[in-house]
Amino acid sequence: MSGTVRVVVVGGGYAGVMAANRLLAPRSGRVRVPAPVDVVLVDPAPRFTERIRLHEVAAGTRASAGRDWSDVLHPRVRRVAARAVRVDAGAGHVVLADGQDVPYDHLVLAVGSGARADALHSVTDQAAAERTRDALARLAPGEAVTVAGAGATGLEVACAVAVARPDLVVTVVDPGGAPAGEPAIARRLARLGVTVLAGTVDRGTGVVTGDDGRDRPAAPVTVWTVGLAVPTLAADSGLPVTADGRLLVDETLTVVGHDRVVGAGDAVAVAGPRGAHLRMSCAAALPLGARAADTVLARVAGVTPRPLDVGFAAVCLDLGAGHGHVRLVARDDARRPWSVSGRAAGWVKEGICRATVSWLAAEARTPGRYRGVAGPRPVAAA
Ligand SMILES: Cc1cc2nc3c(=O)[nH]c(=O)nc-3n(C[C@H](O)[C@H](O)[C@H](O)COP(=O)(O)OP(=O)(O)OC[C@H]3O[C@@H](n4cnc5c(N)ncnc54)[C@H](O)[C@@H]3O)c2cc1C
């Protein structure tokens, strides 16, 4: 192969930045990449967002989850500050919102996930978290906040708000009630005065319907943390998507029928048993971004891309004011009977949050270096 290979990465979150840096690795496994790779990253955001810190922004305890792009990106990655609106996979170019075309030899799609358009308040990007923070700041003592969803993000939001504003009445609403089999989390919520209600929240109005069938009026602020939507870029481009709009990829992260297009992160669904356990998470986005780059480099080097082999190691929650909860899980994300809570777990969680940025920065310094938490079969935690 001769000439420069141009790879465009759309989306500069955990997956996209990891992929963009790694694409500058000199080797694909043992094979030298035979041509220079030119990497273009398309993302409209003015800064890289440490999304896993956004609950702190919403609670008002952190001003910003933004980082300068230069903190995490290799200097040879050229960033185009724009939104992609369509991919023409036949012609091999990405169309930007201003109508410009960006041609590619290979494309990595990593556009992440966000709040549904009809959701009330959310914490899915810096602007949304700031709107939530401002709405909470307007609440008077004793007013109510509903957090929809008792998943990891919902619990982190509820604890962060309860710590920052102990004068508010915080209720987490989830069809399953409190997280099953996690008494330490239940104790922490109780200590912070957070109530967990089994029920549902109406996304349009914020009205809460409890399992007892009784409706509760909408709280002045409802923070939506579940049922995230993915951008419509893949669907709008006629690429194969799942019913919820995620880009459908095979176990090498390649879009079926489009060898030059791969995907990574929250916005993709991996068809096949090696991807069935992958949930939307930073923990998965980092190794998926690395594997997307590996697949592209393998093709450039003329070798067969390896199928995915990504497993989880732990679920780590920030429960506010330095407290945390760490639950070990098997590679397939099944719960293991070991967890730790309290300040030690908070310390671990903070270490992992810092590590996510360190891994990106290390990959920018030495592309090809990232091995996950414990390579060579990467496991993920965040
Ligand atoms: C408050 C909060 C706490 C969380 N805590 C954890 C945690 O503890 N552990 C964990 O594993 N996960 C956690 N998550 C989930 C985690 O943040 C996401 O799963 C992760 O960010 C997904 O990474 P990604 O690279 O796929 O997408 P994102 O990080 O969402 O990045 C997507 C990027 O694509 C860009 N983009 C979107 N559309 C376009 C377009 N059309 N053109 C160009 N660019 C585009 C966006 O600007 C963005 O920069 C948390 C999420 C939240 C909101």
Side-chain angles (χ1 to χ4, degrees), residues 8-20 40-59 62 65-67 69 72 79-87 94-97 102 108-115 122-129 132 147 149 151-160 223-226 228-234 236-237 246-247 263-268 278-289 292 312-319 324-326 329 333 348-350 352-353 355-356 360 380-382:
V8 174
V9 178
V10 179
Y14 296 101
V17 168
M18 176 58 81
V40 176
L41 175 69
V42 177
D43 193 303
R47 303 181 83 199
F48 171 77
T49 300
E50 267 190 89
R51 222 176 148 200
I52 61 176
R53 303 246 193 218
L54 283 171
H55 57 290
E56 299 171 52
V57 174
R62 177 181 288 268
R67 289 277 187 143
W69 286 106
V72 292
R79 198 177 67 84
V80 173
R83 178 167 297 280
V85 292
R86 201 166 50 81
V87 173
V94 174
V95 183
L96 305 183
V102 184
V108 179
L109 285 177
V111 289
S113 60
S122 76
V123 291
T124 52
D125 58 40
Q126 175 73 29
T132 302
V147 177
T153 304
L155 296 174
E156 290 191 335
V157 168
C159 290
V223 187
W224 200 266
T225 68
V226 284
L228 296 181
V230 297
T232 57
L233 179 63
D236 293 346
S237 307
R246 284 180 298 157
L247 179 68
D266 281 4
V268 308
L278 296 174
R279 62 182 143 83
M280 284 185 179
S281 58
C282 169
L286 288 167
L288 288 177
F312 290 102
V315 175
C316 309
L317 300 183
D318 169 11
L319 299 182
H325 184 76
V326 176
V329 296
D333 210 23
V348 171
K349 170 69 183 175
E350 177 56 26
I352 288 184
C353 287
T356 57
L360 295 175

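Note that this is a predicted model, so its numbers are computed, not measured. Each ligand, and each atom within it, is numbered from 1 in the order the structure gives. Residue numbers run from 1 in the order of the sequence given.
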message = Against ligand 1, does A152 come closer than 4.0 Å with any heavy atom?
response = no
inquiry  = Counting only nitrogen or oxygen atoms and a 3.5 angstrom limit, does R279 reach ligand 1?
reply    = no
query = Short N/O distance, under 3.5 Å, between T124 and ligand 1?
reply = no
key: Distance-only N or O hit between ligand 1 and A283, under 3.5 Å   = yes
key: ligand 1 atoms in contact with V123 (distance to a heavy atom under 4.0 Å)   = 1 (C), 53 (C)
query = Does G12 come within less than 4.0 Å of ligand 1, judged by its heavy atoms?
reply = yes
Atom indices of ligand 1 within 4.0 angstrom of V42 heavy atoms, with elements = 43 (C), 44 (N)
note = Note: V10, heavy atoms under 4.0 Å from ligand 1, region reported as side chain
ask   = Is it true that R53 lies under 4.0 Å from ligand 1, counting heavy atoms only?
value = no
message = If you apply the rule side-chain contact (heavy atoms from CB on, under 4.5 Å), what do you find for V57 with V123, and how did you get there?
response = CA-CA 8 Å; V57 174; V123 291; over 6 Å; no
request  = For ligand 1, note which part of S281 has a heavy atom under 4.0 Å away: side chain, backbone, both or neither.
outcome  = both
query = Counting heavy atoms only, which of R86, E156, M280 comes nearest to atom 3 (C) of ligand 1?
reply = E156
request  = Give the minimum heavy-atom separation between F48 and G12, together with the two atoms involved.
outcome  = CD1-O, 3.3 Å
Minimum heavy-atom distance between V85 and L96, given as atom pair plus value = CG2-O, 3.7 Å
message = For a quick check under 3.5 Å, do R53 and T356 share a side-chain donor-acceptor pair by atom type?
response = no
task = Could you pull out, from I52, D318, I352, the option with a heavy atom nearest to atom 6 (C) of ligand 1?
result = I52
task = For the pair V9 and D43, evaluate side-chain contact (heavy atoms from CB on, under 4.5 Å) and give the outcome as yes or no after the intermediate values.
result = CA-CA 9 Å; V9 178; D43 193 303; over 6 Å; no
inquiry  = Would A84 count as being in polar contact with ligand 1, using the rule that some N or O on each side must be under 3.5 angstrom apart?
reply    = yes
inquiry  = So, regarding C282 and ligand 1 (criterion: nitrogen or oxygen to nitrogen or oxygen, under 3.5 Å), is there a contact or not?
reply    = yes
request  = Examine D266 against ligand 1 and note whether any of their N/O atoms are separated by less than 3.5 Å.
outcome  = yes
ask   = Which heavy atom in V42 sits nearest to a heavy atom in A84, and how many Å separate them?
value = CG1-N, 4.3 Å
V147 vs T225, side-chain contact (heavy atoms from CB on, under 4.5 Å): CA-CA, chis, key distance, verdict = CA-CA 7 Å; V147 177; T225 68; 4.1 Å; yes
task = Give the minimum heavy-atom separation between A152 and L317, together with the two atoms involved.
result = CB-CD2, 3.4 Å
ask   = Is A110 touching ligand 1 with its side chain, its backbone, both, or neither, if touching means heavy atoms under 4.0 Å apart?
value = backbone
query = Hey, is ligand 1 close enough to A15 that some N/O pair sits below 3.5 Å?
reply = yes
query = Should one rank Q126, K349, H55, R83 by closest heavy-atom distance to atom 1 (C) of ligand 1, which comes out on top?
reply = H55
Which segment of A58 sits under 4.0 Å of ligand 1 when only heavy atoms are counted = neither
query = Using heavy atoms and a threshold below 4.0 Å, how should the contact between T153 and ligand 1 be classified: side chain, backbone, both, or neither?
reply = side chain
key: side-chain contact (heavy atoms from CB on, under 4.5 Å) assessment of T124 paired with W224   = CA-CA 9 Å; T124 52; W224 200 266; over 6 Å; no
key: R51/T153 under side-chain hydrogen bond (donor to acceptor under 3.5 Å, both in side chains): CA gap, chis, key distance, verdict   = CA-CA 11 Å; R51 222 176 148 200; T153 304; over 6 Å; no
request  = Kindly write out the residues that satisfy side chain to side chain donor-acceptor pair (under 3.5 Å) with E56, not counting sequence neighbours, or none if the list is empty.
outcome  = R62
Which of the ligand 1 atoms, numbered from 1, are nearer than 4.0 Å to a heavy atom of G265 = 26 (O)
